[in-house]
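The analysis underlying the following values was restricted to heavy atoms, covering all of them including side chains, and did not include hydrogens, waters or symmetry mates. Read the numbers this way: they start at 1 and go in the same order the structure lists the ligands and their atoms.
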Amino acid sequence: MILIKLGGSVITDKTQYRTFNRDVVSRLCKEIKDSGEDVIIVHGGGSFGHVLAKEYSLQDGFTGPEQVPAVARVQHDMRELNLMVIDELLNAGIPAISVPPGSCFIIDEGKLILDRPEIVLSASRLGIMPVMFGDAVFDRSKVFGICSGDQLMEALCGLYGPNKAVFVSDVDGLYEKDPKTNPGSKLLAEVTSELLERVSGGGSVDDVTGGVRAKMEAMLRMTAPERECVLVNGSVPGRLYSLLKGEKVISTTAKGGLR
Ligand code: ATP
Ligand code: IP8
């Protein structure tokens, strides 16, 4: 099976609070359906999650009562985004349900703990895709925190043991520098721990979960001899479909684990 994260950079406009890229999501859902592959999708927050989380420093946990309405608002906005993604999956003919990560995960000592795996497993055994997403989640020591879609990918990798993990974003892969601000930057077909040290890469806009660097670290941790971990551009029509069908496409593959 294949795990796919639809990144916030491709499903939303990360520079405009709560802007959903419906046409792109609709196309990506059709590409996934047409591939005929057995997949589970996770999605990121984009401008439905990062804007308020950053404004109220929700990633740092509880620091003051002014954060409390923002925790509720981020959960609200993320559910709205998730239901819009689910709508497009259903329209594409993929039975899918919303699984807010707080319903089965808790954060403990900075780690995401899957304490109720039967919720996701019951859905997937029935042929229904449980769709999780980056969100504000309760934390045993910091009261709450932000769980990213990339962390969920790692947790689901442990649960399902996929043979491929695909991270869909709005760039062709990992570059030496952010291609949006450095147009001549070189695309890396493969990334290792050593190469990642030479890469510069926060998010292109406000991002509370570590941007492309944290994503590459998660991808490197997920690598295994029998598993391919790839970063691919979902803004280019047909590219995700081709990758799912096993064709070689422009992308970055993580190799060799995180050292
Ligand atoms: P989200 O975290 O909201 O789900 P995402 O998973 O799509 O979003 P981002 O964390 O936004 O991914 O990372 C992708 C962004 O990182 C790109 O839009 C790109 O502009 C930016 N970026 C910064 N540095 C680099 C780099 N060296 N190579 C590639 N992209 C980079
Ligand atoms: O977009 C973070 O998840 P990500 C979600 O996968 C929020 O990094 C709520 C900021």
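At least one N or O atom of Lys215, backbone or side chain, sits closer than 3.5 Å to an N or O atom of ligand 1. Considering backbone and side-chain N/O atoms, Val74 never comes within less than 3.5 Å of an N/O atom of ligand 2. The N/O atoms of Thr209, backbone and side chain alike, include none that comes under 3.5 Å of an N/O atom in ligand 1. For ligand 2, the polar-atom distance check against Ser148 finds no nitrogen or oxygen pair separated by under 3.5 Å. Between Gly149 and ligand 2, a contact under 3.5 Å exists for at least one N or O pair.
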Counting only pairs under 3.5 Å, give me each side-chain donor-acceptor contact of residues 55-63, with atom names and distances, residues two or more places apart or in other chains.
| residue | atom | partner | partner atom | Å |
| --- | --- | --- | --- | --- |
| Thr63 | OG1 | Gln67 | OE1 | 3.3 |
| Thr63 | OG1 | Gln67 | NE2 | 3.2 |

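Residue contacts with ligand 2 for His43 are absent, since no atom lies close enough (heavy atoms, distance under 4.0 Å). Contacts between Leu58 and ligand 2 below 4.0 angstrom, taking non-hydrogen atoms only, are absent altogether. Residue-level proximity to ligand 1 for Lys177 is carried by the backbone, the only part with a heavy atom below 4.0 angstrom. Both the backbone and the side chain of Asp178 come within contact range of ligand 1, each with a heavy atom under 4.0 Å.
Lys245 NZ: more than 12 foreign heavy atoms inside a 6.0 Å radius. The environment of Glu109 atom CD is sparse: at most 12 non-hydrogen atoms of other residues, nucleotides or ligands sit within 6.0 angstrom.
The atoms of ligand 1 that sit less than 4.0 Å from any heavy atom of Lys5 are 1 (P), 2 (O), 4 (O), 6 (O). Close approach to Lys5 involves these atoms of ligand 2, each under 4.0 Å from a residue heavy atom: 4 (P), 6 (O). Of all atoms in ligand 1, numbered sequentially from 1 with element shown, those under 4.0 Å from a heavy atom of Ser9 are 5 (P), 7 (O), 8 (O), 11 (O).
Taken from CG in Leu156 to CD1 in Ile40, the straight-line distance is 6.5 Å, to the nearest 0.5 Å.
Here the rule is side chain to side chain contact (heavy atoms under 4.5 Å, CB included) with Ile4, and of Val42, Val39, Leu28 only Val39 fits it.
Shown here are the ring pair (Phe, Tyr, Trp, His ring centres under 6.0 Å) partners of Phe133, two or more places apart in sequence or in another chain: His43.
With respect to the salt-bridge test (charged N to carboxylate O, under 4.0 angstrom), the residues Glu37 and Lys164 do not qualify.
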